[in-house]
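Following: one structure in structure tokens, then a few remarks.
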Amino acid sequence: DRIMDEKFRGEEAVRTIMSSNGKGKGKTAPPGNYVIIRPGPLLSGKSKNGASDLELNQGDTVGGGLSRDELAGVVVGALVAGDAARGTTVECYRSRTATALEPEFALPSGRELKGDTYSGLFEGAKTD
């Protein structure tokens with residue numbers, strides 16, 4: 001699927017660019033100065049319970065849907081979480097919409113991240 005390949009190439013470019021400032025050797029930004037958020041399909045309606053309805057996952061094996069305000073909460077949560085989120089790639093979705101992305105992928109994956117706040121979702125996230 002070419003669109004997914006292009007998305008992955010874009011993510012790799014972000015990782016490369018945000019791991020150095022492009023000004024040559026010895027002048028690099030802190031490693032992993034980025035957060036890549038992979039939202040599932042955007043659902044109609046608004047969040048009822050905020051972060052407590054959501055999961056983050058890592059490994060690109062589980063996805064699901066979430067609302068626009070939930071996605072905005074995850075983005076702000078990544079900023080507030082600071083070092084806990086820095087240098088990570090996560091999938092985000094409502095827990096009840098969790099779906100294995102391929103038939104052979106386990107659900108649950110064992111890499112679910114949950115929290116009561118949007119920034120708390122990033123606690124325990126593994127860096128890329």
Side-chain angles (χ1 to χ4, degrees):
D1 190 34
R2 291 190 58 171
I3 188 94
M4 297 308 287
D5 293 339
E6 293 304 316
K7 287 180 179 183
F8 182 75
R9 276 196 267 283
E11 289 177 1
E12 286 295 303
V14 167
R15 289 182 189 100
T16 299
I17 292 166
M18 297 310 293
S19 291
S20 77
N21 64 12
K23 293 185 179 178
K25 292 181 181 178
K27 297 185 177 184
T28 59
N33 196 19
Y34 63 87
V35 178
I36 295 174
I37 298 170
R38 297 172 174 161
L42 297 176
L43 305 174
S44 299
K46 294 197 173 199
S47 168
K48 293 186 181 187
N49 299 309
S52 62
D53 280 347
L54 300 182
E55 281 180 8
L56 301 185
N57 211 307
Q58 295 185 280
D60 205 16
T61 62
V62 179
L66 74 168
S67 66
R68 286 169 175 77
D69 68 304
E70 289 166 330
L71 176 56
V74 171
V75 171
V76 172
L79 293 169
V80 172
D83 287 343
R86 194 175 324 277
T88 63
T89 300
V90 297
E91 296 78 44
C92 59
Y93 50 88
R94 284 186 188 155
S95 300
R96 63 182 167 83
T97 68
T99 306
L101 297 178
E102 296 288 339
E104 65 271 17
F105 295 157
L107 189 65
S109 70
R111 293 182 296 274
E112 290 75 14
L113 300 167
K114 299 180 182 188
D116 293 332
T117 64
Y118 288 108
S119 60
L121 289 168
F122 288 89
E123 291 178 19
K126 307 273 188 256
T127 56
D128 294 339

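Quick note: residue numbers are just sequence positions, from 1. Nothing here was measured: the structure is a model prediction, and the numbers come from that model.
Within the 3.5 Å criterion, the main-chain N or O of Lys126 finds a donor-acceptor partner in the side chain of Gln58. A donor-acceptor pair is defined here as one N or O able to donate and one able to accept, closer than 3.5 Å; no such pair exists between the side chain of Asp128 and the backbone of Gly32. Under the 3.5 Å distance criterion, the side-chain polar atoms of Glu102 are left unmatched by any main-chain donor or acceptor of Thr61. A distance-only check finds a donor-acceptor pair linking the side chain of Asp69 to the backbone of Ser47 [under 3.5 Å]. In this structure a side-chain-to-backbone donor-acceptor pair under 3.5 Å is missing from Thr117 to Gly115. Judged by distance alone, with hydrogens and angles left aside, the side-chain atoms of Glu112 form a donor-acceptor pair with the main-chain N or O of Gly110 at under 3.5 Å. A donor-acceptor pair is defined here as one N or O able to donate and one able to accept, closer than 3.5 Å; no such pair exists between the side chain of Thr127 and the backbone of Gly87.
When the side chains of ILVMFWY residues are joined at heavy-atom separations under 4.5 Å, either directly or via intervening members, Leu113 and Val62 end up in two distinct hydrophobic clusters. Note on Val35 and Leu56: same hydrophobic cluster, where clusters join Ile, Leu, Val, Met, Phe, Trp and Tyr whose side-chain heavy atoms are under 4.5 Å apart, directly or indirectly. A single hydrophobic cluster is not seen to contain both Leu101 and Tyr93; linkage of ILVMFWY side chains at heavy-atom distances under 4.5 Å, directly or through other members, places them apart. Leu79 and Tyr118 sit in two unconnected hydrophobic clusters of ILVMFWY residues. Membership requires side-chain heavy atoms under 4.5 Å apart, directly or through other members.
Separation of atoms CD1 (Ile36) and CE (Met18) is listed at 10.5 Å; rounding is to 0.5 Å. How far CZ of Arg68 is from CG of Leu42: 5.0 Å, rounded to the nearest 0.5 Å.
Between Ala98 and Leu107, the shortest heavy-atom distance links the atoms O-CD2, 3.6 Å. Scanning both residues, Gly45 and Ser67, for their nearest heavy atoms gives O-CB, 3.4 Å. The two residues Ala51 and Leu121 come nearest to each other via the heavy atoms O-CD2, 4.0 Å. Looking at every heavy atom in both residues, Tyr34 comes nearest to Val14 through CB-CG1, 4.2 Å. Pairing each heavy atom of Gly64 with each of Pro41, the nearest pair is O-CD, 3.4 Å. Closest non-hydrogen pair, Leu43 versus Gly65, comes out as CD1-C, 3.6 Å.
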Let's go through Cys92 and Leu54 carefully: what are the C-alpha distance in whole Å and the side-chain angles of both, what is the deciding distance for side-chain contact (heavy atoms from CB on, under 4.5 Å) to 0.1 Å, and is it a yes or a no? CA-CA 7 Å; Cys92 59; Leu54 300 182; 5.9 Å; no
Check the pair Phe122, Val80 against side-chain contact (heavy atoms from CB on, under 4.5 Å), reporting the backbone distance first and the verdict last. CA-CA 10 Å; Phe122 288 89; Val80 172; over 6 Å; no
Between Arg38 and Lys7, does a side-chain contact (heavy atoms from CB on, under 4.5 Å) hold up when you go through it step by step? CA-CA 10 Å; Arg38 297 172 174 161; Lys7 287 180 179 183; over 6 Å; no
Working note: Thr89 + Asp60, criterion side-chain contact (heavy atoms from CB on, under 4.5 Å); need CA distance, chi angles, decisive distance, verdict. CA-CA 9 Å; Thr89 300; Asp60 205 16; over 6 Å; no
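The residues Asp83 and Arg86 are annotated as salt-bridged, a charged nitrogen and a carboxylate oxygen being separated by less than 4.0 angstrom. Ion pairing between a basic and an acidic side chain is recognised when a charged N comes within 4.0 Å of a carboxylate O; Arg15 and Glu12 show such pairing.
Just one of Lys114, Arg111, Arg96 meets the salt bridge (Lys or Arg N to Asp or Glu O under 4.0 Å) condition when paired with Glu55; it is Lys114.
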